[in-house]
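Working notes, structure below.
The chain is numbered in sequence order, starting from 1.
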Amino acid sequence: VFCSFNNTYKFMPEMFAVWMRLLGKVTASVLWLPESNASAQRNLKREAEAQGIDARRLVFAPHLASPDEHLARLSLADLFLDTLPCNAHSTASDALWAGLPVLTCMGSTFAGRVAASLLHALHLPELVARSTDEYEAKALFLAADAGAIADIKARLARQREVAPLFDTARFTRNLEAAFTTMGERSSRGEAPRSFAVGETAS
C-alpha cells in the first residue's frame, strides 16, 4: 500500500507519472490518497487511466475529524510517497509519528526539503532521494522487500523515542536559547542577522 496524504494541489504531473509507473511495476499495489473535491478525484482517475493504470487502484480516504483515528489509519500503509517540488510538512511528521516510512525526493527550495530535514532528524537518511530516478528506484526496492520495510518501521519506532525530531523538550530549550540570543543582540543595538543555536542535549 503506497500512500500520499498531501494536499492534492501538491500532486505534480512528473511525480504522479512516477507513482503510476510504480503501480504498473508492483503487482496488486494501490495508491491511497486523500479524498479531495470531486474534480480532483475525477482528474486523478482520468490521468491514471491515461497512463495505463486501472483507476480503481487509486483509493480515496475520507477526512477523519479524530487525529487519533487518522494516525491509526496512517500506520496501515506500507510507504508514504512524498511530493515535489513541495514536500509534505506536518503531514510527513504525522506519518513518521504513526510509524509510516516517508520516501522523499529533496528539492532545491525550503518547501522541497522539509521532509528530508525530518528524516535526517530521525536518522533515516536512506529515505531521502536526490533525484526522481533514485526516488523511483528506492520505492521499487522497498515495495519488493517486505523485510526492508519492516526493518525501517522497527527503526522508526525506536528512533521516535530518542531522535531529535520528536524531542519537544530539547526543541523548546533551543527555541528559548534563540529568543534569548535575539533579545541580547537587540538590547546591544545590533542589526538582525542569522545565527545557529548549539544543540542542547536532552
Side-chain angles (χ1 to χ4, degrees), residues 1-26 29-34 36 40 44 47-48 51 58-61 70-71 73-167 171:
V1 176
F2 296 115
C3 76
S4 186
F5 277 80
N6 282 321
N7 288 309
T8 53
Y9 67 77
K10 294 184 179 182
F11 297 173
M12 296 292 111
E14 181 183 11
M15 193 60 81
F16 191 78
V18 171
W19 296 350
M20 294 306 97
R21 288 197 297 273
L22 290 171
L23 292 182
K25 294 173 182 177
V26 182
S29 61
V30 295
L31 178 60
W32 203 5
L33 301 171
S36 186
L44 291 168
E47 189 60 26
Q51 297 191 40
L58 303 187
V59 180
F60 293 92
H70 174 63
L71 292 173
R73 173 173 68 179
L74 280 174
S75 69
L76 301 175
D78 295 301
L79 184 63
F80 186 108
L81 298 174
D82 198 13
T83 47
L84 196 70
C86 187
N87 287 172
H89 295 180
S90 57
T91 303
S93 293
D94 286 347
L96 293 166
W97 180 258
L100 174 61
V102 173
L103 177 66
T104 193
C105 185
M106 191 162 66
S108 58
T109 65
F110 167 80
R113 301 169 78 90
V114 171
S117 179
L118 299 177
L119 288 163
H120 280 285
L122 275 174
H123 309 302
L124 291 170
E126 68 270 29
L127 292 175
V128 179
R130 300 285 176 162
S131 68
T132 52
D133 287 343
E134 184 184 2
Y135 173 97
E136 186 172 349
K138 284 177 177 284
L140 281 173
F141 168 76
L142 292 170
D145 191 336
I149 283 281
D151 177 64
I152 290 173
K153 285 190 172 188
R155 288 173 54 210
L156 178 52
R158 293 192 300 270
Q159 290 300 104
R160 193 178 85 160
E161 302 302 323
V162 298
L165 180 60
F166 296 117
D167 189 341
F171 177 85

- pair P101-L127: side-chain heavy atoms closer than 4.5 Å: yes
- So do the side chains of L124 and L156 get within less than 4.5 Å of each other, counting heavy atoms only? yes
- Note on the structure: For H123 and P164, the nearest pair of non-hydrogen atoms, with its separation, is NE2-CD, 3.7 Å
- Measure the spacing between NE2 of H89 and CG of D94 and express it to the nearest 0.5 Å. 13.0 Å
- Report, as yes or no, whether the 6.0 Å neighbourhood of atom CZ on F60 holds more than 12 heavy atoms from other residues, nucleotides or ligands. yes
- Query: Between Q159 and L122, is there a donor-acceptor pair closer than 3.5 Å when you use the side chain of the first and the backbone of the second?
  - Reply: yes
- Query: For the side chain of Y135 and the backbone of D82, is there at least one donor-acceptor N/O pair under 3.5 Å apart?
  - Reply: yes
- Do V26 and L140 have side chains that get closer than 4.5 Å, going by heavy atoms? yes
- For the residue pair Q51 and E47, what are the closest heavy atoms and their distance? NE2-OE2, 2.9 Å
- Message: Side chains of F11 and L33, heavy atoms from C-beta outward: is any pair under 4.5 Å?
- Response: yes
- How far does OG1 of T91 sit from NE2 of H70, to the nearest 0.5 angstrom? 6.5 Å
- Which atom of S4 lies closest to which atom of L31, heavy atoms considered: N-CD1, 4.3 Å
- Distance-only, no hydrogens or angles: does the K10 side chain make a donor-acceptor pair with backbone N or O of N87 under 3.5 Å? yes
- Message: Would you say that E136 contacts S131 through its side chain, given a criterion of any heavy-atom pair below 4.5 Å between the two side chains?
- Response: no
- Query: For the residue pair L84 and M12, what are the closest heavy atoms and their distance?
  - Reply: O-CG, 3.5 Å
- Note on the structure: Correct closest heavy-atom pair for T104 and A116 would be CG2-N, 3.8 Å
- Query: Only one of W19, F5, F80 forms a ring pair (Phe, Tyr, Trp, His ring centres under 6.0 Å) with W32, so which one is it?
  - Reply: F5
- Task: Find out whether R160 and L96 are in side-chain contact, i.e. whether some heavy atom of one side chain is under 4.5 Å from a heavy atom of the other.
- Result: no
- Query: In Å and rounded to the nearest 0.5 Å, what is the NZ to CG distance from K138 to L142?
  - Reply: 8.0 Å
- Note on the structure: Value for SG (C3) from CG (L74), rounded to nearest 0.5 Å, stands at 6.0 Å
- Message: Rounded to the nearest 0.5 Å, what separates atom OG1 in T83 from atom CG in N6?
- Response: 3.5 Å
- Non-neighbouring partners of T8 that pass side-chain hydrogen bond (donor to acceptor under 3.5 Å, both in side chains), sequence neighbours left out: S36
- Indicate the atoms forming the closest heavy-atom contact of P125 with H120, along with that distance. CB-CE1, 3.5 Å
- Note on the structure: Of L23, V30, D78, the one forming a side chain to side chain contact (heavy atoms under 4.5 Å, CB included) with F2 is L23
- Query: Mind checking whether S93 and L118 have side chains closer than 4.5 Å, heavy atoms only?
  - Reply: yes
- Task: May I ask you to test the L22-L81 pair for a side-chain heavy-atom distance under 4.5 Å?
- Result: yes
- Query: Rounded to the nearest 0.5 Å, what separation is found between the SG atom of C86 and the CZ atom of R113?
  - Reply: 14.0 Å
